[in-house]
2 protein chains.
Amino acid sequence: MARASVEAERKEQILAAACEVVSEIGFKSLRIADVAKRAGTSTGTVHYYFDTKRDLMHAAFDWNFTQSLGRRREILESDAPATQRLRDFVESYLPEGAATVGAWHVWAELWVEALHDPDLQELNERVYGEWRRAVAAIIRDGQDAGEFREGDPVVFANGLIGMIDGLSLQVLLGSRSMTADRMRAVCEQVLGWFFLAP
Amino acid sequence: MARASVEAERKEQILAAACEVVSEIGFKSLRIADVAKRAGTSTGTVHYYFDTKRDLMHAAFDWNFTQSLGRRREILESDAPATQRLRDFVESYLPEGAATVGAWHVWAELWVEALHDPDLQELNERVYGEWRRAVAAIIRDGQDAGEFREGDPVVFANGLIGMIDGLSLQVLLGSRSMTADRMRAVCEQVLGWFFLAP
DNA sequence: TGGTTGTTTGACTGGTCAGTCAATCATCCA
DNA sequence: TGGATGATTGACTGACCAGTCAAACAACCA
């Protein structure tokens with residue numbers, strides 16, 4: 001066993017580095033040596049903590065999600081009105097800041113890798129379950145408070161999350177027709193249709 | 001120059017094979033030898049028509065789009081009511097049949113590859129422009145015919161296409177919470193909110 | 001028929017990189 | 001202090017594969 005403190009710290013360093021490299025050059029181009037360099041260590045050390053490249057990437061994908069969830073905990077657990085929480089949630093997803101864009105890149109790589117990897121599909125399933133439940137809970141709150149029109153919260157959560165994913169991809173691809181600002185406008189429009197006028 | 005007939009036929013064979021292989025094992029795992037075998041030819045011949053792997057894949061991505069558009073031409077150019085055309089369009093996108101699922105896989109690979117390739121971003125831009133225009137045109141028709149509520153057609157087209165992309169990804173990932181049937185239900189629900197009752 | 005151009009083949013090469021390993025260093029504790 | 005265990009290093013190896021190339025084959029035409 002690695003000594004607990006060193007192990008946790010070093011793994012974190014390596015996972016953060018792996019996510020940065022994936023975000024910058026993509027999974028396909030990622031070399032263990034790139035990760036090692038970015039983490040300020042050697043390939044030997046990377047392999048000391050992660051047996052294979054696959055293990056490393058699975059752990060990195062998982063870590064990426066944990067970090068994303070952490071960055072949104074404040075929003076999800078806030079006791080602001082549901083309309084506000086939903087707006088904040090959507091806003092926090094817009095691919096604008098470096099952290100969010102980086103996390104989105106890693107997500108996109110995960111998706112495509114998962115197309116041919118059942119273990120990653122399982123990770124996706126777990127994570128999307130969490131997002132879906134979180135959004136559906138906000139919607140239910142909003143409906144209970146009369147801020148939100150009726151309808152199946154899960155259907156709306158699925159539609160909203162799906163739309164965010166699809167639009168974000170276009171933004172990440174640098175589309176001239178779908179900038180972060182335009183995405184914000186589309187999301188606001190859609191939310192507006194579902195919020196009841198105050 | 002290759003003799004026109006042979007060249008066109010052989011290129012088509014190779015591109016179709018490339019798309020099949022990408023769909024089955026992913027871009028990252030694709031070997032020129034796989035494509036050659038699938039096309040019933042040799043690696044030498046693949047390289048005779050496509051200088052590099054990158055050239056081959058760019059052409060394959062382009063070809064995949066042309067085929068997808070062809071499969072939908074009938075719907076887009078039909079003179080059925082706008083509501084029907086939009087329903088048919090969405091239905092045609094559901095990742096169910098082999099051809100559609102295959103095309104989606106190739107799309108997903110294109111997206112991720114494009115994150116780090118400006119030429120592919122350009123292809124994405126062109127293609128999305130076409131989809132967006134096609135959908136917006138249907139919506140405009142529907143609004144003119146009073147079948148559809150008012151609002152910016154482009155905003156709605158963007159929202160709808162984004163949602164389809166995001167949901168399709170989850171279906172492709174084999175999510176137990178997002179099957180093709182559930183996706184159909186979400187899309188119908190959303191379309192229902194925007195169609196005016198007859 | 002024989003020459004020209006277009007097409008096909010697969011063995012081969014050069015470069016790349018994940019993963020291994022033996023050596024070294026650091027930390028802890030008896 | 002010295003031995004044990006944990007941690008780190010980077011040179012090395014074996015597998016892999018894109019792209020090359022020389023040789024062969026096919027279609028066409030003069």
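Only a predicted model underlies this, so the values are computations on that prediction, with no experimental measurement involved. A, B, ... follow the sequence lines: proteins, then strands. Residue 1 opens every chain.
A salt bridge does not link A:E91 with A:R87: none of the charged nitrogens is closer than 4.0 Å to a carboxylate oxygen. The pair B:D117-B:R54 counts as a salt bridge, with a side-chain nitrogen and a carboxylate oxygen less than 4.0 angstrom apart. Between A:D181 and A:R184 there is a salt bridge, with a side-chain nitrogen of the basic residue lying less than 4.0 Å from a carboxylate oxygen of the acidic one.
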*Chi angles and distances behind the side chain to side chain donor-acceptor pair (under 3.5 Å) call for A:D165, A:Y128*: CA-CA 11 Å; A:D165 289 344; A:Y128 264 74; 2.4 Å; yes
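Each ring-ring contact (aromatic ring centres under 6.0 Å, His included) pair with one or both residues in residues 149-185 of chain B, not counting sequence neighbours, appears once here: B:F148-B:F156, B:F156-B:F194. Residue pairs that meet the side-chain hydrogen bond (donor to acceptor under 3.5 Å, both in side chains) test with at least one member in residues 135-146 of chain B, sequence neighbours left out, are B:R85-B:D141. The stretch residues 52-78 of chain B participates, sequence neighbours left out, in these ring-ring contact (aromatic ring centres under 6.0 Å, His included) pairs: B:F65-B:W131.
Taking atom NZ of A:K11 as the reference point, atom P of D:dG6 lies 14 Å away to the nearest angstrom. Taking atom CD of residue A:E7 and atom P of nucleotide D:dT8, one finds them 10 Å apart after rounding to whole Å. Separating the CG atom of A:D51 from the C1' atom of C:dC21 is a distance of 14 Å, rounded to the nearest angstrom. Rounded to whole Å, the distance from NE2 on A:H47 to P on D:dC12 is 18 Å. Atom CZ of B:R54 is separated from atom P of D:dC17 by 21 Å (rounded to the nearest Å). If you take CG of B:L56 and C1' of D:dG19, they are 13 Å apart, rounded to a whole angstrom. Rounded to an integer number of Å, the gap from A:Q13 CD to D:dA7 P is 13 Å. In this entry the distance linking CD of A:E9 with P of D:dA7 reads 12 Å, nearest Å.
Residues passing the side-chain hydrogen bond (donor to acceptor under 3.5 Å, both in side chains) test with B:R176, sequence neighbours excluded: A:E122.
Between the side chain of B:T66 and the main chain of B:D62, a donor-acceptor pair closer than 3.5 Å is present.
DNA chain C is contacted by A:L30, A:R31, A:I32 of residues 17-35 of chain A, taking any non-hydrogen atom closer than 4.0 Å.
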Report all interatomic pairs (protein N or O, nucleotide N or O of nucleotides 8-12 of chain C) with separations under 3.5 Å.
from: C:dT8; atom 1: OP1; to: B:R10; atom 2: NE; distance (Å): 2.7
from: C:dT8; atom 1: OP1; to: B:R10; atom 2: NH2; distance (Å): 2.5
from: C:dT8; atom 1: OP2; to: B:Y49; atom 2: OH; distance (Å): 2.9
from: C:dT9; atom 1: OP2; to: B:T41; atom 2: OG1; distance (Å): 2.6
from: C:dT9; atom 1: OP2; to: B:S42; atom 2: N; distance (Å): 3.3
from: C:dT9; atom 1: OP2; to: B:S42; atom 2: OG; distance (Å): 3.2
from: C:dT9; atom 1: OP2; to: B:T45; atom 2: OG1; distance (Å): 3.0

